[in-house]
Colleague: 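Take a look at the following structure, please.
Please read all numbers here as calculations on a predicted model, not as lab measurements.
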Amino acid sequence: MKKLLNIALWGFFVIGTLVLLSFTQSKKKNTVCNKVEYNIDILSGNHFVTPDRVNEILKKIGFKKGTDTYESIDTEKLERKLLSLSSVESVEVSKNLNGVMDIAIKQRTPIARVFNRNGYSVYIDDKGKTMQTSEFYTARVAVINGFVNIKPGEDLSALTNDSLKNETLLDELYELATYIRGNEFLKAQIEQVYVKRNKEVILIPRVGTQEIEFGKVERVRNKLENLELFYKEGINPENLNLYKTINLKYENQITCKKNN
């Protein structure tokens with residue numbers, strides 16, 4: 001008898017829980033969205049995505065605050081729309097019982113801006129993917145330009161043909177930009193990377209008029225460690241302008257050419 005009573009009590013508990021959940025879900029479906037809160041990771045230092053831009057997308061999909069119920073809001077569609085922005089890495093849309101819809105957005109982090117010879121440009125982010133520039137915000141990152149074979153609308157990170165990747169130097173430029181960005185000293189020293197027709201690279205420093213001949217994008221760590229040591233211990237900063245070029249091409253040595 002006691003066993004049957006326990007089973008009955010558990011049955012009532014399960015049924016009650018299901019009824020309560022059903023009621024909660026029904027109430028949530030009929031809840032009117034009166035407020036949208038934005039959780040955008042601006043602490044990353046980037047401002048590609050703003051509440052105003054998100055509001056524009058909400059309007060495009062027909063969202064009306066204060067009128068639409070949760071049931072009528074397609075959160076998956078909204079997330080897809082936001083993810084279509086090349087500056088967005090991830091999105092999560094959630095709704096609570098108080099009529100507040102929360103939109104959490106993580107932005108992608110650019111590490112360099114790459115220009116072709118016609119002035120078209122894209123960013124390379126910290127994952128090695130390309131992202132489009134924005135009319136609303138410009139990231140302060142190193143500039144890469146010269147003979148870089150990028151074309152409008154082309155997603156370089158999606159290339160699977162190795163010969164095409166070699167043409168764009170995407171992987172190599174990503175490795176170079178990543179190392180410079182991760183080294184506070186070099187990040188402060190190097191402001192531009194120029195790609196020559198033969199795919200050799202020249203680094204342009206912030207201080208001084210000399211060019212740094214990096215050569216092919218290989219032995220990146222070794223070359224940049226040598227450059228850092230040269231700056232810190234090999235030359236008096238006041239004498240930098242005495243040199244026309246600093247050559248890093250040769251293994252374990254740096255050669256310099258003085259101005260005439």
Side-chain angles (χ1 to χ4, degrees), residues 9-115 119-141 150-159:
L9 288 173
W10 272 109
F12 284 126
F13 174 76
V14 171
I15 293 171
T17 301
L18 293 174
V19 169
L20 181 61
L21 287 174
S22 176
F23 173 76
T24 302
Q25 288 298 320
S26 176
K27 181 180 178 182
K28 189 172 183 179
K29 286 181 180 180
N30 295 318
T31 298
V32 175
C33 182
N34 292 308
K35 185 178 180 182
V36 179
E37 291 187 347
Y38 305 97
N39 181 13
I40 302 172
D41 65 335
I42 57 174
L43 291 179
S44 66
N46 296 307
H47 301 273
F48 291 101
V49 183
T50 63
D52 286 342
R53 291 202 69 191
V54 178
N55 279 332
E56 288 178 8
I57 291 176
L58 288 173
K59 288 178 181 178
K60 286 181 180 178
I61 65 172
F63 170 76
K64 295 178 181 178
K65 186 171 65 175
T67 301
D68 286 358
T69 61
Y70 281 164
E71 187 176 25
S72 66
I73 300 171
D74 188 339
T75 55
E76 290 186 2
K77 180 179 180 181
L78 175 57
E79 288 176 351
R80 287 196 301 271
K81 283 286 186 180
L82 291 170
L83 282 171
S84 70
L85 299 175
S86 68
S87 54
V88 172
E89 182 173 325
S90 64
V91 180
E92 184 176 351
V93 179
S94 58
K95 299 172 283 192
N96 65 33
L97 288 174
N98 296 321
V100 179
M101 181 167 66
D102 182 76
I103 301 177
I105 296 175
K106 182 179 179 182
Q107 299 180 88
R108 292 167 64 182
T109 303
I111 61 173
R113 186 170 179 176
V114 185
F115 290 81
Y120 171 73
S121 69
V122 294
Y123 290 109
I124 297 178
D125 76 359
D126 59 349
K127 303 294 191 302
K129 296 182 178 181
T130 56
M131 54 185 283
Q132 298 300 311
T133 57
S134 169
E135 62 180 301
F136 305 102
Y137 175 75
T138 301
R140 297 182 64 183
V141 291
I150 58 175
K151 300 174 183 177
E154 183 178 48
D155 181 6
L156 303 183
S157 56
L159 293 178

Colleague: Kindly write out the residues that satisfy side-chain contact (heavy atoms from CB on, under 4.5 Å) with Lys59, not counting sequence neighbours, or none if the list is empty.
Modeller: none
Colleague: Contact between Ile105 and Leu82 at the side-chain level, heavy atoms closer than 4.5 Å - yes or no?
Modeller: yes
Colleague: Is there a side-chain contact between Val32 and Thr67 (heavy atoms, below 4.5 Å)?
Modeller: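 Sidechains of Thr67 and Val32: no contact.
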Colleague: Is any side-chain heavy atom of Ile150 closer than 4.5 Å to one of Val122?
Modeller: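 Yes. Closest side-chain heavy atoms under 4.5 Å.
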Colleague: Please report the C-alpha distance between Val88 and Val49 in whole Å, then the side-chain angles of each, then the deciding distance to 0.1 Å, and finally whether the side-chain contact (heavy atoms from CB on, under 4.5 Å) criterion is met.
Modeller: CA-CA 8 Å; Val88 172; Val49 183; 3.6 Å; yes
Colleague: Quick one: do Ile103 and Asn39 satisfy side-chain contact (heavy atoms from CB on, under 4.5 Å)? Show the steps, please.
Modeller: CA-CA 6 Å; Ile103 301 177; Asn39 181 13; over 6 Å; no
Colleague: Where do Ile124 and Val114 land on the side-chain contact (heavy atoms from CB on, under 4.5 Å) test, with the steps shown first?
Modeller: CA-CA 7 Å; Ile124 297 178; Val114 185; 3.7 Å; yes
Colleague: Which pair of heavy atoms, one from Met131 and one from Ser86, lies closest together, and at what distance?
Modeller: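 Between these two residues, the closest heavy atoms are CB-O, 3.6 Å.
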Colleague: Apply side-chain hydrogen bond (donor to acceptor under 3.5 Å, both in side chains) to Tyr137 and list each qualifying residue two or more places apart in sequence or on a separate chain.
Modeller: none
Colleague: Which side-chain hydrogen bond (donor to acceptor under 3.5 Å, both in side chains) pairs, counting each pair once, include a residue from residues 74-83, with sequence neighbours left out?
Modeller: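 Found none.
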Colleague: Just to verify, what does Asp68 make a side-chain contact (heavy atoms from CB on, under 4.5 Å) with, not counting sequence neighbours?
Modeller: Phe63, Lys64, Ser72, Ile73
Colleague: Strictly distance-based, threshold 3.5 Å: is any side-chain N or O of Lys95 a donor or acceptor partner for the main-chain N or O of Met101?
Modeller: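 Here the side-chain-to-backbone pair does not exist.
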Colleague: Would you find a donor on one side and an acceptor on the other, under 3.5 Å apart, between the side chain of Ser87 and the backbone of Phe48?
Modeller: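 Absent.
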Colleague: Quick one: CG on Leu58 to NZ on Lys65, what's the gap to the nearest 0.5 Å?
Modeller: 9.5 Å
Colleague: Taking side chain as C-beta onward, heavy atoms only, is Ile61 less than 4.5 Å from Leu78?
Modeller: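 Result yes, sub-4.5 Å side-chain heavy-atom pair found.
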Colleague: Rounded to the nearest 0.5 Å, how far apart are CD1 of Ile57 and OG of Ser84?
Modeller: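 Result: 6.0 Å between the selected atoms.
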Colleague: Check for a donor-acceptor pair, side chain of Tyr123 on one end and backbone N or O of Lys129 on the other, with a separation under 3.5 Å.
Modeller: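 It does not hold such a pair.
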Colleague: Can you list the residues that meet the side-chain hydrogen bond (donor to acceptor under 3.5 Å, both in side chains) rule with Ser121, with sequence neighbours excluded?
Modeller: Arg113
Colleague: Would you please test Asn96 and Tyr70 for side-chain contact (heavy atoms from CB on, under 4.5 Å) and show each step?
Modeller: CA-CA 9 Å; Asn96 65 33; Tyr70 281 164; 3.9 Å; yes
Colleague: With side-chain hydrogen bond (donor to acceptor under 3.5 Å, both in side chains) as the rule and sequence neighbours excluded, what pairs involving residues 45-58 come up?
Modeller: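 Of all non-adjacent pairs touching residues 45-58, those that pass side-chain hydrogen bond (donor to acceptor under 3.5 Å, both in side chains) are Tyr38-Asn55.
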Colleague: With sequence neighbours excluded, tell me which residues meet side-chain hydrogen bond (donor to acceptor under 3.5 Å, both in side chains) with Glu92.
Modeller: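 Testing Glu92 for side-chain hydrogen bond (donor to acceptor under 3.5 Å, both in side chains), a comparison that skips the adjacent residues, returns none.
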Colleague: Does the Gln107 side chain pair with the main chain of Ile40, one donor and one acceptor, at a distance under 3.5 Å?
Modeller: no
Colleague: For Lys106, check salt bridge (Lys or Arg N to Asp or Glu O under 4.0 Å) against everything at least two apart and list the hits.
Modeller: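 Scan of Lys106 (salt bridge (Lys or Arg N to Asp or Glu O under 4.0 Å), adjacent residues dropped) gives Glu89.
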Colleague: Using atom types as modelled and distance alone, determine if a side-chain donor or acceptor of Asn98 lies under 3.5 Å from a backbone N or O of Val100.
Modeller: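 It does not hold such a pair.
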Colleague: How long is the span from the CZ atom in Arg108 to the CG atom in Asp41, to the nearest 0.5 Å?
Modeller: 13.0 Å
Colleague: Short question: side chain of Asn34, backbone of Gly99 - any donor-acceptor pair under 3.5 Å?
Modeller: no
